[in-house]
Every structure is written in C-alpha cells, then in structure tokens.
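Step one of this worksheet: look at the structure below.
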There are 2 protein chains.
Amino acid sequence: MNDRPSLELAEVNDTPWLSTEQQHVWRAFLGGSTVLMDQLDRDLRQAHGLSMSEYEILVRLSEAPDRSIRMAELAAQVAHSRSRITHTIARLEKARMVTRGQCSTDGRGVTAVLTDHGFAVLAEAAHTHVRGVHDYLVANASAAEFEALGRIMNRITEQLGGRSF
Amino acid sequence: MNDRPSLELAEVNDTPWLSTEQQHVWRAFLGGSTVLMDQLDRDLRQAHGLSMSEYEILVRLSEAPDRSIRMAELAAQVAHSRSRITHTIARLEKARMVTRGQCSTDGRGVTAVLTDHGFAVLAEAAHTHVRGVHDYLVANASAAEFEALGRIMNRITEQLGGRSF
DNA sequence: GGGACTTGATTGAAAGTTCAACCATCGGCT
DNA sequence: AGCCGATGGTTGAACTTTCAATCAAGTCCC
C-alpha cells in the first residue's frame, strides 16, 4: 500500500545514533581506558622493564600447570593473534623469562614455559601492577559500580569472545 | 617501644592484593575492552579503511570551529603523544582527509584541518562506528550499569588525566 | 593408504607506535 | 635588547603489531 523501500533496506540504512549522554559515557570509556592502560604500562616498564602484554603472558603462564601453556591457548587467553604471541614469546625467550617446549600429544604443538627467572621477575612486577589496578581503578569505583563494570565487560567478552584470529 | 621498620617502610612494602572477585572483574575489563576495541577497529578498517585512532581524530576535527585544531590540543583530546599525532596526521594528509595550516597567533603552532573529503569519509564511517558502539557496548548494559561505567571512567580520567606526554 | 582440508606455529615485510634528539618560537626576567 | 627555560612540533631510528604467505602435522573420508 506504499512505495517506500523494503523493510530490509530501511533497517540497513537506519543507524541508531547515540544520545548525548551515551556519547559522553562512550568518550569517557575511550579516554579512561586509554589513560588507564598507558599508566599501568608505563609503571610496569619503568619499574621492571615489562610491557602490559608481556606481563599478562607471564601471569597466565605462572598460573598454568607446569607453568606452561600452548601458544594457541595463550593467544586465546590474552586475546592476541597467534603471530603476536610468537613474536612476544621470542622476546621473552631472549630475556630468559620463558623457554619453548615441544608438546607431547601434538607434533605441531609448541608450549611456552615460564622459567624461574621469569617467575621471579613476575613476582616483583605483580606488586607494581596490583597497586596500579587498585589505585587507578578499584579506588575509583564503589562496590556496586565495580560489579556493574564486571557484568558489562563479561557480556561484551561473551558476545565478541573467541574471535577472528 | 618496638623495633619494627618505620611506618613509611611498612607502607611501601605492603601491597594490597586484589580479592578473587576483583581479579575477575579486572580480567573481564582487560579482555572485554581488548575485544571491543579490536572489533570496532576491524569494522572501521574493513568498511572504510580507517583505524580507530584515525577515526577519533577526524571526529574531533569535525566538531571543532573551522574544523581545525592545533596539534598539541588534538593530542590532548585523544590522549596520544605529540609524535603519534604528527605521524597520524601525516598519513591522513597523504589520504587527503586533512591539511596542515599555520596557526595565526603562534608561530610554532600547526593546525590540522579537516577537508571536505575527510568529512565525507567520516560521515560514512560514523554509521559503522556508532552501530558498533551500540551493539557491542550499549546493548550489553542496563541504563544503571551504563551510568556506573561513565562515572568510573570519568574518575579515572580525572585522576590520570592530562599526563606525561 | 592417500588426497583434501583444517589447525598450529613461524616468518619476513609493511604499517604503526614509541623514544630520544632536535630546532624554532614563545614568555619571562634582568 | 638578550638570555634562558619551557612549549610546539617534527624527524628518524628502534621497537611492536599486523598481515599475508608458508610449512608441518593433524583429521576426515573414500
């Protein structure tokens, strides 16, 4: 009874713009997470010569059985590309914090293994990092707000989760 | 009346570890913001050949008087280093989305100016970006949760705000 | 067994970011 | 005016991340 575009086309064209308040929150998120990550990264670098991504990898390794994880699994845990993990592990290996091992059950598999030295560095760095997370993030949120943050981020991870690498 | 270390030293040593729940939230934040940013970046790249940081810069320029902002001010707004802004603007200039102008009031000043072409690209890209922010973030939060997010991130920005570049 | 296809990991080059050094200009001070 | 420290911006090299290509080993299926 009318000649406007088909419903499908209408939906495709129709972008739901953000309200002013939503824009403000989004920009706060963008800016806030940038400065937060930069600060944590800088703290770690200055005090221990580690980047955030190197730190994250060491943490995961330290928690794993035998302090070792396969490359692909590591990539999934920290949400980085395989290639990036390969390069980063190469650097950490050069710094003697990690060694590579062959995976017993899969000929293709390579495992990254945390060395004692790597563990020692991590143990030091953890103080810096945890203090940062506390001072910059936890201290800036009420308990309820903090829980809300957790819920939101979990849903996002669930939705976009194991993606595209 | 006792011989333990001075209060100052005690405080320095005493790292307040995170509770298990706090750790979970922190990791959710880390993972969630990573996949969120990656997804928004990928969407923008695929559809319009723009990175998130290029997009952010174009947005700021489009909102400024004369569609132009000085380099340092731009750096402050998007929380990037001056050097990074110089390089990014150089790329955008090569793509004819931005031109450089001399600042009238300050001989050192250089302003980035959005071209009509830059504005046109931005106008297209905005659809993709806004849809992403909506679908990946806004849709994953209740109104109350979203507001909490805003408050937290604003406090962080306030605390770590104009920093160290 | 032997394709065909998928997955795990690496590689090297291109693209982007950081870092330190640099030059020019501004602003204050004497 | 002339000096001095701070600010604005650029540069090039070092470093990190991405991207596409490659290779090896697993899986499926006939």
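Every chain is numbered from 1 and lettered A, B, ... according to where its sequence line falls, protein lines coming before strand lines. None of the values given here were measured: they were computed from a predicted structure.
For A:His80 against D:dT18, no side-chain N or O and base N or O form a donor-acceptor pair under 3.5 Å.
For the segment residues 57-72 of chain B, residues with any heavy atom less than 4.0 angstrom from an atom of DNA chain D are, sorted by number, B:Arg70, B:Met71, B:Ala72.
Remark: P of C:dA20 and NE2 of B:His87 are 14 Å apart, rounded to the nearest angstrom. Protein atom CG of A:Leu74 is 10 Å distant from nucleotide atom P of C:dA9, rounded to whole Å. In this structure, the CD1 atom of A:Ile89 is 14 Å from the P atom of D:dT16, given to the nearest Å. Put simply, CE on B:Met52 is 17 Å from C1' on D:dT17, counting in whole angstrom units. Rounded to an integer number of Å, the gap from CG of B:Asp41 to P of C:dA15 is 16 Å. Whole-Å rounding puts the B:Leu92 CG to C:dA15 C1' distance at 14 Å. The distance between atom CD1 of B:Ile85 and atom P of D:dG9, rounded to the nearest whole Å, is 11 Å. Whole-Å rounding puts the A:Arg42 CZ to C:dT17 C1' distance at 14 Å.
When distances run from any side-chain atom of B:Arg45 to the nucleotides D:dC19, D:dG9, C:dT10, the shortest one goes to D:dC19.
Applying the 4.0 Å criterion to OP1 and OP2 of D:dG8, one finds that B:Thr86 has every side-chain N and O outside that range. Distances shorter than 4.0 Å separate some side-chain N or O of B:Arg91 from OP1 or OP2 on C:dT17.
A salt bridge links A:Asp106 with A:Arg70: the distance from a Lys NZ or Arg NE/NH1/NH2 to an Asp or Glu carboxylate oxygen falls below 4.0 Å. Under a 4.0 Å N-O distance rule, the pair A:Arg27/B:Glu63 qualifies as a salt bridge.
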Taking only N/O atoms, report every protein-nucleotides 21-28 of chain C pair under 3.5 Å with atom names and distance.
residue	atom	partner	partner atom	Å
C:dT25	O2	B:Arg108	NH1	3.3
C:dC26	OP1	B:Gly107	N	2.6

Polar atom pairs (N or O), protein with nucleotides 20-23 of chain D, under 3.5 Å:
none

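For A:Gln23, the CD atom counts as densely surrounded, since its 6.0 Å shell holds more than 12 non-hydrogen atoms of other residues, nucleotides or ligands. Counted within 6.0 Å of CZ on A:Arg100, heavy atoms from surrounding residues, nucleotides or ligands total more than 12; the atom is thus considered enclosed.
Among the atoms of the strands shown, none is found under 4.0 Å from any heavy atom of B:Ser51.
Residue-to-nucleotide proximity on DNA chain C shows that, of B:Arg84 and A:Cys103, the 5′-proximal contact is made by A:Cys103.
Using a distance-only test at 3.5 Å, with no hydrogens or angles considered, no donor-acceptor pair links the side chain of A:Ser68 to the main chain of A:Ala64. A donor-acceptor distance shorter than 3.5 angstrom exists from the side chain of A:Thr111 to the backbone of A:Gly101, with no hydrogens or angles considered.
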